[in-house]
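Before any comments, here is the structure.
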Number of protein chains: 2
Amino acid sequence: MSLSTALISVDLVAFKLASNNRLQVLTHQLPETPLLQLPAGRIDSEQDQSLQDTAKRQLERFTKEPATYYEQVITIGDNHRDSRGWSLTVVYYALLQPSDEQMLSEDSRWIDIVDGKPAEPLAYDHSQLVMEALARMKNKIQYSALPIYLLPEAFTLSDIQNVFSIVLDKAPPMRSIRNRFINSDLLINTGQKRHGSNRPATLYRANANSNNWLFDRLYLTTRA
Amino acid sequence: MSLSTALISVDLVAFKLASNNRLQVLTHQLPETPLLQLPAGRIDSEQDQSLQDTAKRQLERFTKEPATYYEQVITIGDNHRDSRGWSLTVVYYALLQPSDEQMLSEDSRWIDIVDGKPAEPLAYDHSQLVMEALARMKNKIQYSALPIYLLPEAFTLSDIQNVFSIVLDKAPPMRSIRNRFINSDLLINTGQKRHGSNRPATLYRANANSNNWLFDRLYLTTRA
DNA sequence: ACAGGTTAGTGAACATAATTCACTATGTTA
DNA sequence: TAACATAGTGAATTATGTTCACTAACCTGT
């Protein structure tokens with residue numbers, strides 16, 4: 001049988017750095033269901049101009065915090081993931097800036113990523129989807145400006161290193177991060193410093209007009 | 001209105017190196033239609049276990065030559081590409097080895113890529129899809145074993161450089177290609193040579209068991 | 001005021017891989 | 001057998017990440 005249609009859903013893997021120094025993924029729980037699941041939903045032909053709009057709407061169902069970055073990961077289609085037959089799932093991931101305030105809906109929760117997967121089991125194949133999105137993100141973070149999207153407006157170079165530590169479980173040397181980011185035009189010195197119980201660190205913000213979003217090599221400390 | 005379904009098609013951008021030293025893309029023409037178009041079709045829930053199966057079937061409709069490589073590029077969904085409303089298109093590209101014999105169906109043709117786009121106009125947004133696939137392929141060729149997939153069973157290092165010349169309009173120095181590929185375990189010396197009107201060149205074949213499919217940097221001569 | 005602690009940041013030597021270029025090697029062809 | 005053309009090597013240079021020792025700046029406790 002040839003199909004002109006199939007069940008379509010757009011699933012969103014939203015990542016955020018939490019104050020416990022963990023990467024977290026947004027989940028929610030439906031009433032009467034035992035397992036947490038990813039935000040997912042169908043295309044709304046009225047509201048959505050694109051698939052990314054659909055992904056964005058899924059995020060907005062559970063939090064008011066906007067994502068700083070969206071990327072389509074993969075589209076999975078097969079006939080065994082949904083008992084009703086052929087199903088098609090477009091997977092996006094999104095990056096959010098850290099936030100203390102919980103602008104979350106009641107039924108949703110940020111779950112830690114531990115050892116490369118969600119710390120709690122997810123419904124359907126959602127753990128697998130998280131892992132796919134995470135793999136993509138872990139790769140891209142090594143040769144792009146991605147780390148910045150997981151940080152607040154103003155951040156230090158150490159914050160960038162911290163992103164690597166959390167996401168990759170290891171980080172390039174500060175010297176390497178410094179060289180790369182300072183030599184690029186990705187950062188703008190805010191003129192401000194972050195003060196702690198030590199020498200204050202320079203605070204930077206992202207340069208929206210940068211043309212160095214991609215680098216042409218990976219850090220050596222992080223490759224396979 | 002919320003949709004559980006939409007029109008879905010899988011579109012295939014099949015690339016091949018032609019004897020005129022051009023990259024070509026497979027197209028076909030339906031009767032009564034003025035423009036060429038890409039192989040595309042719907043999921044067949046009986047035959048297709050995955051979306052790649054669907055892509056593969058599209059290729060097989062027009063040629064018996066198998067592809068050596070498939071990669072999903074992007075899924076595009078919106079409400080203006082098809083007059084019937086929301087449509088969803090999963091785009092794949094495939095790489096084929098060069099071939100003299102034409103095992104093509106009557107209605108299909110390989111079209112040159114000139115200046116980064118098909119030399120002839122294509123129907124719908126298919127030129128755009130070719131360009132998206134080409135962009136992805138041009139990037140990946142610079143840090144992976146991809147060039148090999150566009151070459152015949154046995155090939156020389158110069159052939160690899162030639163792939164770069166054709167696909168990117170410029171190529172890394174032979175010394176760089178040599179160092180990279182010889183130091184990896186991607187190539188197996190067949191022991192044979194290709195003879196011309198000059199010093200014979202060593203013929204290699206791909207090592208299927210290589211674990212160096214990806215490199216950790218781009219060639220400098222080819223970057224932006 | 002000032003010493004000690006802690007993190008931020010710099011300078012210089014080293015490592016790795018691409019690039020450049022001069023040079024050698026090995027075949028075909030006139 | 002010399003001319004040629006392309007294959008392939010060796011060594012210096014360049015670019016960028018890594019390592020490590022050292023300096024800088026601020027806070028804290030006395």
Side-chain angles (χ1 to χ4, degrees), chain A residues 21 139 141-145 147 151 154-165 168 170-204 212-224, chain B residues 21 139 141-145 147 151 154-165 168 170-204 212-224:
Chain A
N21 259 10
N139 187 255
I141 208 173
Q142 294 181 60
Y143 64 87
S144 75
L151 292 173
F155 53 86
T156 68
L157 289 168
S158 297
D159 288 343
I160 294 179
Q161 189 181 41
N162 195 235
V163 173
F164 283 103
S165 299
L168 301 174
K170 52 186 169 181
M174 267 309 301
R175 199 63 170 102
S176 305
I177 293 174
R178 259 205 145 68
N179 285 345
R180 174 179 281 197
F181 281 85
I182 296 297
N183 289 344
S184 79
D185 65 349
L186 282 170
L187 305 185
I188 296 174
N189 191 329
T190 62
Q192 297 186 292
K193 303 274 183 183
R194 175 184 299 160
H195 293 255
S197 62
N198 48 15
R199 175 172 176 174
T202 304
L203 281 165
Y204 298 92
N212 276 286
W213 206 83
L214 293 172
F215 300 98
D216 55 15
R217 49 198 290 194
L218 269 43
Y219 289 109
L220 302 175
T221 37
T222 53
R223 64 177 157 183
Chain B
N21 259 9
N139 187 254
I141 208 173
Q142 294 180 61
Y143 64 88
S144 75
L151 291 173
F155 53 86
T156 67
L157 289 168
S158 296
D159 288 342
I160 294 179
Q161 189 181 40
N162 194 234
V163 173
F164 283 103
S165 298
L168 301 174
K170 52 185 168 182
M174 266 309 302
R175 198 62 172 102
S176 304
I177 292 174
R178 253 202 153 69
N179 286 345
R180 175 178 282 197
F181 281 86
I182 295 296
N183 289 344
S184 79
D185 64 350
L186 283 170
L187 305 186
I188 296 175
N189 190 328
T190 61
Q192 299 186 291
K193 301 276 182 182
R194 174 184 300 161
H195 293 256
S197 62
N198 48 16
R199 176 174 175 172
T202 303
L203 281 166
Y204 298 92
N212 274 283
W213 207 82
L214 294 171
F215 300 97
D216 55 13
R217 51 197 290 195
L218 268 44
Y219 289 110
L220 301 174
T221 38
T222 55
R223 64 177 157 183

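Proteins get letters first, then strands, A, B, ... in listed order; numbering begins at 1 in each.
- For the pair A/D216 CG and C/dT19 C1', the interatomic distance rounds to 13 Å; values are reported in whole Å.
- Rounded to whole Å, the distance from CG on A/N162 to C1' on C/dT7 is 13 Å.
- One distance of note links OG of A/S144 with CG of A/L218; it measures 10.0 Å at 0.5 Å rounding.
- A sub-4.0 Å separation between OP1 or OP2 of C/dG9 and a side-chain N or O of A/R178 is present.
- DNA chain C is contacted by both B/G196 and A/L157; A/L157 maps to the nucleotide lying nearer its 5′ end (nearest heavy atom per residue).
- Remark: the B/R217 side chain and the D/dG17 base include no donor-acceptor N/O pair separated by less than 3.5 Å.
- Side-chain nitrogen and oxygen atoms of A/S176 include at least one within less than 4.0 Å of the OP1 or OP2 phosphate oxygen of D/dT18.
- At whole-Å resolution of the value, CZ in A/R175 and P in D/dC22 are 16 Å apart.
- Contact check, B/T202 against D/dG8: a side-chain N or O comes under 4.0 Å of OP1 or OP2.
- No donor-acceptor contact under 3.5 angstrom links the side chains of A/S165 and A/K170, judged on distance only.
- To the nearest angstrom, P of D/dT18 lies 8 Å from OH of A/Y219.
- Taking atom CD1 of B/I177 as the reference point, atom P of C/dA17 lies 17 Å away to the nearest angstrom.
- Applying the ring pair (Phe, Tyr, Trp, His ring centres under 6.0 Å) rule to pairs touching residues 177-202 of chain A yields A/F181-A/F215, sequence neighbours excluded.
- Considering OG of B/S184 and CZ of B/R180, their distance stands at 9.0 Å, rounded to 0.5 Å.
- Remark: the A/R199 side chain and the C/dA8 base include a donor-acceptor N/O pair separated by less than 3.5 Å.
- Side chain of A/Q161 to backbone of A/P173: no donor-acceptor contact under 3.5 angstrom is found.
- For the pair B/N198 CG and C/dA25 P, the computed distance is 17 Å after rounding to whole Å.
- Applying the 3.5 Å distance criterion, the base of C/dG27 shares no donor-acceptor pair with the side chain of B/R194.
- Here B/R194 pairs with B/D159 under the salt bridge (Lys or Arg N to Asp or Glu O under 4.0 Å) rule; sequence neighbours left out.
- For C/dA8, the OP1/OP2 oxygens have a side-chain nitrogen or oxygen of A/S158 closer than 4.0 Å.
- Going from atom CG of B/L203 over to atom C1' of D/dT6 covers 14 Å, rounded to whole Å.
- Of the two residues contacting DNA chain D, namely A/H195 and A/P173, the nearest-nucleotide position lying further toward the 5' end is that of A/P173.
- The shortest side-chain heavy-atom distance between A/L203 and A/T156 falls under the 4.5 Å cut-off.
- Here the C1' atom of nucleotide D/dT16 and the CG atom of A/N212 are 14 Å apart, to the nearest Å.
- Residues of residues 179-187 of chain A having a heavy atom closer than 4.0 Å to DNA chain D, listed by number: A/N179, A/R180.
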